[in-house]
Amino acid sequence: MRAALHLARRGIGHTGPNPAVGCILVKDGIVVGRGWTQPGGRPHGETMALAQAGDAARGATAYVTLEPCAHHGQTPPCANALIDAGVARVVIAITDPDERVGGKGLQILKDAGIEVTENVLRDQAWRANLGFFKRITAHRPAFTLKLATSQDGRIPPRGAVGEAKWITSPAARDRGHLLRAQHDAVLFGVGTVLDDDPAYTCRLRGLEQQSPIRVLLDSKLSLPDDCKLLHSLNDAPLWIVTGEEADPGRIQTLENQGVIVIKAPDARPDPIWIAAELAQRGVNRVLIEAGPTVVSSFLQAGLVDEIDWFRAEKVLGEQGAPAFHGFDVEKLALAPQAVLQAGPDKLEIYALGD
């Protein structure tokens with residue numbers, strides 16, 4: 001099952017609105033088929049593994065990280081595909097909370113005489129597909145907060161240029177681009193756009209096509225016409241969340257360029273409303289890569305599920321600016337789940353909530 005979970009993670013960030021599922025078929029102690037959910041959610045992991053195994057699937061055990069689906073979508077149910085292939089036993093990590101499945105897939109397998117084992121490495125499976133589970137059960141995506149600070153938890157002051165605005169090493173920045181490739185969307189505020197003119201694409205070699213949807217919070221549509229976001233629409237989609245008072249003419253101009261404009265019911269979009277809107281649009285995982293104001297608003301709303309905190313070697317002291325506005329991160333009383341090396345810098349990973 002651990003190997004199947006590793007396969008599932010290959011699809012994370014690219015399968016929405018579907019979950020990322022891994023499947024391994026084993027017969028007589030030999031792996032005869034491997035699969036994971038492909039970009040866009042099709043084909044499913046089970047379909048891939050069965051196709052690879054062919055006739056060898058008959059009598060095999062399938063290790064699947066999520067309950068096989070029981071409903072007809074763009075493809076037939078995976079539960080039926082496993083039955084038709086002659087699989088003798090199915091081991092699953094976690095049941096599917098989607099009401100179209102929710103135990104039905106397991107019942108189909110049991111009714112066909114297939115031995116079923118449940119809840120193997122359930123906690124790891126829950127965390128691996130947290131975005132999908134949160135979207136189904138809490139009607140919001142999972143949010144990962146990416147921070148890059150000095151050793152003493154500070155960021156360069158506004159207006160810093162050149163080397164002064166780079167805290168972390170190239171290795172840490174590459175790891176940050178990998179995070180973008182592992183999320184459906186990256187979220188940020190217009191202040192960052194006005195200060196730094198970022199593109200928010202993934203620029204790791206070989207992963208350029210896995211750039212996430214860029215979600216810009218811009219209540220007054222004040223992004224410049226010549227910004228990189230608008231000049232890179234062929235590289236990644238751009239969604240702008242704006243306020244109810246946004247200029248209709250400006251909205252139309254942006255939509256004519258291919259931008260998706262999402263109009264909130266208030267002058268300043270609320271994080272909880274934004275989360276629900278993104279979930280409704282099929283987004284499972286969101287990377288928050290923003291300035292202190294946006295970061296603090298999502299923390300205060302209780303929406304952050306994971307913090308990936310890059311800490312550089314250098315100390316900024318009073319020359320630096322606070323990484324948070326109006327939020328005391330110490331009250332979270334966090335202990336890192338993992339501490340990884342990223343060049344000379346450290347990546348501390350914190351899990352919040354369930």
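Computed from heavy atoms alone, side chains included, the values below leave out hydrogens, waters and symmetry copies. All values derive from a computational prediction rather than experimental measurement.
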Given side chains that start at C-beta, do those of T95 and E118 come closer than 4.5 Å, heavy atoms only?
yes
Do Q341 and L347 make a side-chain contact, defined as non-hydrogen atoms from C-beta onward lying under 4.5 Å apart?
no
Close side-chain approach of V21 to H44, heavy-atom, < 4.5 Å
no
Can a donor-acceptor pair be found, under 3.5 Å and without considering hydrogens, that links the side chain of D152 to the backbone of L316?
yes
Using modelled atom types and a 3.5 Å cut-off, is there a donor and acceptor pairing between side-chain atoms of R154 and backbone atoms of G317?
yes
Taking I30's backbone N and O only, do any of them form a donor-acceptor pair with D28's side chain (distance below 3.5 Å, no angle check)?
no
Side chain E348, main chain V339, donor-acceptor under 3.5 Å:
no
Is atom CG of N256 surrounded by more than 12 heavy atoms (other residues, nucleotides or ligands) closer than 6.0 Å?
yes
Using a cut-off of 6.0 Å, state whether more than 12 heavy atoms not belonging to Q300 lie near its atom CD.
yes
Step by step, would you call D235 with S211 a side chain to side chain contact (heavy atoms under 4.5 Å, CB included)?
CA-CA 7 Å; D235 299 325; S211 291; 5.6 Å; no
Return yes if some donor-acceptor pair links the side-chain N/O of T242 with the main-chain N/O of A246 below 3.5 Å, else return no.
no
Salt bridge E115-K110, side-chain N to carboxylate O under 4.0 Å:
no
Is there a donor-acceptor pair under 3.5 Å between the side chain of D196 and the backbone N or O of P198?
no
Does CD belonging to E255 count more than 12 external heavy atoms closer than 6.0 Å?
yes
T168 and R311: side-chain donor and acceptor closer than 3.5 Å?
no
Taking atom types as modelled and ignoring hydrogens, do the side chains of R175 and H177 form a donor-acceptor contact shorter than 3.5 angstrom?
no
In this structure, which one of L303, V295, D305, L352 forms a side-chain contact (heavy atoms from CB on, under 4.5 Å) with L145?
V295
More than 12 heavy atoms of other groups within 6.0 Å of R2 CZ
no
Among side-chain atoms of S169 and D345, is any donor-acceptor pair under 3.5 angstrom?
yes
Does any N or O in the side chain of Q257 come within less than 3.5 Å of the main-chain N or O of V259, such that one atom is a donor and the other an acceptor?
no
Side-chain contact test, heavy atoms from C-beta onward, threshold under 4.5 Å: evaluate it for L217 versus V294 and give yes or no.
yes
Please determine whether the number of non-hydrogen atoms from other residues, nucleotides or ligands lying under 6.0 Å from atom CD of E208 exceeds 12.
yes
Atom of A20, atom of T15 and distance for their closest heavy-atom approach:
N-OG1, 3.6 Å
Please determine whether the number of non-hydrogen atoms from other residues, nucleotides or ligands lying under 6.0 Å from atom CG of N234 exceeds 12.
no
Going by the side-chain contact (heavy atoms from CB on, under 4.5 Å) test, name the single residue among L216, V215, D218 that passes it with V241.
V215
